[in-house]
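Each chain gets a letter, A, B and so on, in the order its sequence line appears, and its residues count up from 1.
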Protein chains: 2
Amino acid sequence: MQKSVDPELACPVAPVVDIVFSRWTTPILWALHEFGRQRFVELERRLAGITPKVLTQRLRQLERDGLVSRTYHAEVPPRVEYEITDLGASLGPLFAHLSNWADAHLGEVEQARHSYDVGR
Amino acid sequence: MQKSVDPELACPVAPVVDIVFSRWTTPILWALHEFGRQRFVELERRLAGITPKVLTQRLRQLERDGLVSRTYHAEVPPRVEYEITDLGASLGPLFAHLSNWADAHLGEVEQARHSYDVGR
DNA sequence: CAGTATCCTTCCCGATACTG
DNA sequence: CAGTATCGGGAAGGATACTG
């Protein structure tokens, strides 16, 4: 029995979605893009509600995908800095586009939801 | 009970992500955008692997958000057609941008993953 | 500080069966 | 055809505690 992977293949944007739009990844990338190089604890505080476990998981994934770089400084106490890479920064225009769409159309979505919930 | 609030507020693209990049939504929107108005069973066949339950769930969500319209024809057998709305179609340029990014940079991601896995 | 380790819960999703 | 109902499994995510 082979699994069906057709939906992914049929949609050219699907592969990107897994990389960029997994949970917590956009806030992390945004924070690094906006506020520059940061330490682990800074990110942890900025992304209120995230646990260190999950933050580590996501940062590792982003590092593996080449969107974020990790720099370890062997000091006491240890210091680790995360920074967005050129590849990660290349998502900037895309995020801007997304943000523009939100500004332009999020109101319509809200309105549609309300109409739907009221009962059409 | 309440999910992410602060990280969403901090990141202007986060709200859009929940609407557009939930599971199965991009393949569905893509199919409707590419192949036009379709019946339930057509979508079901095109999105190989999806179950009717999940397809219904996603279509309802998309309908509620105003991205997809549902038209019921009281015939025997019943006929229901789904179509992308103007609001949904307004995502077209965004998807194109996403697709372009994939073409341009997906290779770099693959390369980064390989380097990472090898251990460098 | 920068994470790990462990446990636990929840939620999504797939499979299957059934209905108007 | 176009769904709904029900059940169950498994992975993501949260809470908490601990280490180099």
Partners passing side-chain contact (heavy atoms from CB on, under 4.5 Å) against [X] (at least two apart in sequence or in another chain):
| X | result |
| --- | --- |
| B:Glu34 | B:Trp30 |
| A:Ala102 | A:Leu106, B:Val16 |
| B:His33 | B:Ile84 |
| B:Arg58 | B:Arg23, B:Trp24, B:Thr25, B:Ile28, B:Val54, B:Gln61 |

ask   = Taking any atom under 4.0 angstrom from a heavy atom of chain A, which nucleotides of DNA chain D are the first and last to qualify, 5' to 3'?
value =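 With heavy atoms of chain A under 4.0 Å away, the range is D:dG13 to D:dG20.
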task = Give every residue pair that meets the ring pair (Phe, Tyr, Trp, His ring centres under 6.0 Å) criterion with at least one member in residues 79-105 of chain A, sequence neighbours excluded.
result =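 Those involving residues 79-105 of chain A are A:His97-B:His97, A:Trp101-A:His105.
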What integer distance in Å separates [X]:[atom1] from [N]:[atom2]?
| X | N | atom1 | atom2 | value |
| --- | --- | --- | --- | --- |
| B:Arg60 | C:dC12 | CZ | P | 17 Å |
| B:Phe21 | C:dC12 | CZ | P | 19 Å |
| B:Glu44 | C:dA15 | CD | P | 12 Å |

ask   = What distance separates A:Tyr72 OH from A:Arg70 CZ, expressed to the nearest 0.5 Å?
value =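 The CZ atom of A:Arg70 is 8.0 Å from OH of A:Tyr72, to the nearest 0.5 Å.
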inquiry  = Heavy atoms within less than 4.0 Å of DNA chain D: which residues of residues 72-85 of chain A have one? Give them sorted by number.
reply    =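 Per residue number, the list reads A:Pro78.
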ask   = On DNA chain D, nearest-nucleotide positions of A:Pro52 versus B:Leu59: which is more 5'?
value =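 That would be B:Leu59.
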State which residues pass side chain to side chain donor-acceptor pair (under 3.5 Å) with [X]; sequence neighbours excluded, sorted by chain then number.
| X | result |
| --- | --- |
| B:Arg60 | none |
| A:Glu44 | none |
| B:Arg113 | A:Asp65 |

inquiry  = Please list all pairs meeting salt bridge (Lys or Arg N to Asp or Glu O under 4.0 Å) that have one or both residues in residues 74-95 of chain B, counting only residues at least two apart or in different chains.
reply    =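 Of all non-adjacent pairs touching residues 74-95 of chain B, those that pass salt bridge (Lys or Arg N to Asp or Glu O under 4.0 Å) are B:Arg37-B:Glu83, B:Glu75-B:Arg79, B:Arg79-B:Glu81.
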key: Ranges pairing with ranges for DNA chain D, where each run has three or more Watson-Crick or G-U pairs under 3.5 Å   =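 As far as DNA chain D goes, consecutive pairing (with distances under 3.5 Å) yields the stems C:1-20 with D:1-20.
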